[in-house]
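Here the structure is laid out as structure tokens; the discussion comes afterwards.
Indexing begins at 1, ligand by ligand and atom by atom, following the structure's order.
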Amino acid sequence: MLNRSEIDALFDPDLPEPSFWEQQYPARQLPAGAEVTRFCPSPTGHAHIGGIHVAAIDAAIARQSGGVYFVRIEDTDQAREVEGAVDRFDHAFRHFGVASDETDTTGLYGPYTQSRRARIYQTYVRELMRQGKAYPCFATKDELEALRADQLAKKVPSGYYGEWAPWRDADDEAVRERLATGVPYVVRFRSPGTDAGRIAFTDRIRGTIEMDDNRADTVILKTSDSALRLPTYHLAHAVDDHLMGVTIVIRGDEWLSSVAVHHQLFDALGVPRIPYAHIAPLMKQEGKTRRKLSKRRDPEADVEYYAQAGYPTEAVLYYLRGLANGRLAEMPLDQALREPLRLEECGVTGALINLAKLEDICADYIAALPGATILGRVKEWAKVYDVPLAEVLEGEDDLALRALAVERDGFDNPRKDLRMWSNFGTHYGFFFRQLFDLVTDPADPRFGGLAPDVVRDLSRRLLDRYQPIEDGDDWFDQLRAVAAELKFADSARTYKQNPGLYPGSIKEASQVIRVLLTGSTRSPALHLVAATLGEAEVRRRLEAVRLA
Ligand code: GLU
């Protein structure tokens with residue numbers, strides 16, 4: 001083994017001792033039972049809805065216990081870093097109310113970005129090396145590949161361990177010689193694990209877990225060839241979560257198998273082990289099979305999908321919370337968002353994300369909101385995602401509110417036509433002159449094949465007698481009278497009995513007026529639409545076809 005001064009010479013001579021960092025990051029002063037949690041995205045791409053799911057659990061566990069939740073950017077894999085990813089995460093976290101409780105400016109445990117903590121990790125790596133718990137490894141990529149091939153041929157487990165770890169107990173002279181000539185190296189942790197060793201620990205979600213102990217000499221510090229000399233995830237996790245006072249590590253279950261090495265690292269560093277809770281990934285049903293929601297294959301994996309479509313944030317959070325704790329899915333939204341989340345109730349198999357179900361939740365949620373709130377949220381959304389709509393809505397509050405009130409205000413079963421803010425344009429756009437295309441062609445297929453002359457006559461005659469009557473029945477009587485003049489049957493039933501006798505029934509006649517007023521064959525009650533549009537606009541729309 002190299003002596004202390006040889007080891008120290010591998011690092012910056014001004015590197016502090018571990019005691020310095022321990023003083024920099026004193027234990028947190030929090031009430032008993034307060035949990036400190038963290039969510040640690042790697043800025044390697046889009047923010048994943050599964051990440052929001054985990055972050056929301058982290059935030060809930062901390063906040064409901066009077067503790068602290070923070071976000072730490074894990075950018076030690078600089079080669080895979082994607083530009084703009086940190087900003088995208090930041091935006092997504094804000095959007096879903098899971099922005100960090102502590103930041104570089106407000107928190108005492110920063111920096112909260114790992115690439116800015118390089119010296120901290122180096123201190124601990126040097127310390128492990130001084131104690132003989134870590135060593136430099138000069139194996140090249142080719143040598144490691146040859147090692148793997150050899151292991152495969154001999155049918156032994158692959159990995160860098162025991163007799164398959166050429167630099168673990170290397171001759172000091174060989175090490176010195178390479179260091180002297182500047183051969184690049186990584187630092188590996190000397191695993192204390194034994195061949196048949198087993199470990200057991202308690203996961204807060206999964207209960208007692210037993211697994212083989214770790215034997216691999218994991219890399220803890222990346223190549224000496226790089227300027228920053230960053231650690232791997234394993235070391236950074238142990239060092240940061242210790243110094244930053246984390247009380248429970250909640251993370252994706254892809255890390256479950258790493259617990260053995262993480263325990264070894266905590267022990268080697270001489271710091272307490274931190275309890276874990278491993279969250280199962282969100283799943284997707286595809287035909288008969290269930291698979292992990294995939295960033296590459298599923299648009300709904302990307303957080304931006306929800307923001308762009310304008311799913312109401314609270315409804316998405318409520319849905320995710322219900323996926324985490326089934327008990328909460330049974331409660332109304334407000335209550336479910338207030339009730340404590342329990343790690344013991346999180347599933348271990350991975351909850352299924354079902355957009356149809358989410359959209360039903362969103363529709364129910366929006367239906368119960370006051371029109372003014374809906375309008376405010378639509379405008380906020382449109383400013384980012386539908387600027388032409390935002391411009392139209394600017395200065396049209398009154399019409400927008402009246403449109404939203406149609407079959408909503410005072411109705412026992414309010415309309416559920418809005419599942420997301422982007423639906424507003426589709427379902428309410430026709431109320432606005434600026435967004436409505438007049439229907440001018442009497443042969444338009446939306447008229448259901450009625451003779452163009454009949455369509456024109458219907459609109460002309462209704463115009464002649466049109467009164468903006470408020471009462472629904474009286475309003476409709478005007479249309480009834482016109483239809484009768486043009487020999488439409490007074491009911492669908494009468495028409496069906498003798499279709500040859502009539503151009504259609506009152507139903508077909510109403511559809512013509514509906515299409516003229518709304519551009520669609522489906523709409524809320526026509527007298528309410530007409531009252532909202534106002535007489536002048538009704539006339540303009542009815543006239544359009546005649547003038548064509
Ligand atoms: N950066 C790790 C990841 O993205 C975080 C794992 C953890 O939460 O410890 O998977």
Side-chain angles (χ1 to χ4, degrees), residues 35-62 67-82 85-86 88-90 92-93 98-102 109-118 120-121 201 203-206 209 214 218-220 222 230-266 269 271 273-282 292-296 301-303 324 343 346 350:
E35 302 277 20
V36 179
T37 64
R38 84 301 187 271
F39 180 69
C40 303
S42 298
T44 51
H46 296 293
H48 191 286
I49 191 71
I52 298 297
H53 179 55
V54 176
I57 295 174
D58 270 304
I61 295 297
V68 176
Y69 152 80
F70 66 84
V71 173
R72 184 173 68 226
I73 302 294
E74 300 206 331
D75 59 347
T76 56
D77 197 352
Q78 303 234 305
R80 288 183 55 223
E81 186 156 344
V82 173
V86 172
R88 275 201 297 276
F89 277 117
D90 198 46
F93 292 157
V98 289
S100 191
D101 292 347
E102 288 179 346
Y109 292 81
Y112 295 84
T113 299
Q114 288 186 328
S115 58
R116 297 182 52 209
R117 302 171 66 83
I120 304 178
Y121 309 121
F201 63 95
D203 181 282
R204 287 271 295 272
I205 294 173
R206 290 150 200 265
I209 294 190
N214 169 61
T218 310
V219 175
I220 53 175
K222 296 185 189 184
L230 289 170
T232 57
Y233 166 73
H234 305 294
L235 182 94
H237 151 54
V239 168
D240 283 346
D241 287 331
H242 162 62
L243 289 177
M244 296 166 100
V246 171
T247 60
I248 168 101
V249 171
I250 301 170
R251 63 183 179 184
D253 67 2
E254 68 272 25
W255 296 109
L256 189 58
S257 59
S258 303
V259 170
V261 64
H262 294 162
H263 276 177
Q264 291 176 350
L265 281 168
F266 284 122
L269 291 165
V271 303
R273 295 177 181 179
I274 303 172
Y276 290 104
H278 288 93
I279 306 278
L282 293 179
K292 274 193 201 175
L293 195 61
S294 141
K295 259 191 214 179
R296 264 180 308 111
D302 186 351
V303 170
L343 288 173
C346 288

Could you tell me which atoms of ligand 1, counted from 1 in the order shown, lie closer than 4.0 angstrom to a heavy atom of C40? 1 (N), 2 (C), 3 (C), 4 (O), 5 (C)
For atom 9 (O) of ligand 1, what's the nearest protein heavy atom and its distance? Y233 OH, 2.4 Å
Proximal candidate to atom 1 (N) of ligand 1 [heavy atom criterion; set H278, E74, Q114, H237]: E74
Salt-bridge test for E35 and R204: reply yes if a basic N is under 4.0 Å from a carboxylate O, no otherwise. yes
Tell me if a side-chain donor or acceptor on R88 pairs with a main-chain N or O of A47 at a distance below 3.5 Å. no
Counting non-hydrogen protein atoms only, what is the nearest one to atom 4 (O) of ligand 1? Give residue, atom name and distance. S42 OG, 3.4 Å
Look at the side chain of D75 and the backbone N and O of E81, then say whether any donor-acceptor pair between them is shorter than 3.5 Å. no
the protein heavy atom lying closest to atom 10 (O) of ligand 1 turns out to be W255 NE1, 3.1 Å
Nearest non-hydrogen protein atom to atom 8 (O) of ligand 1, with distance, is R38 NH1, 2.9 Å
Under 3.5 Å donor-acceptor, K222 side chain and T76 backbone: yes
Do the charged groups of R38 and D240 touch, with an N to O distance under 4.0 Å? no
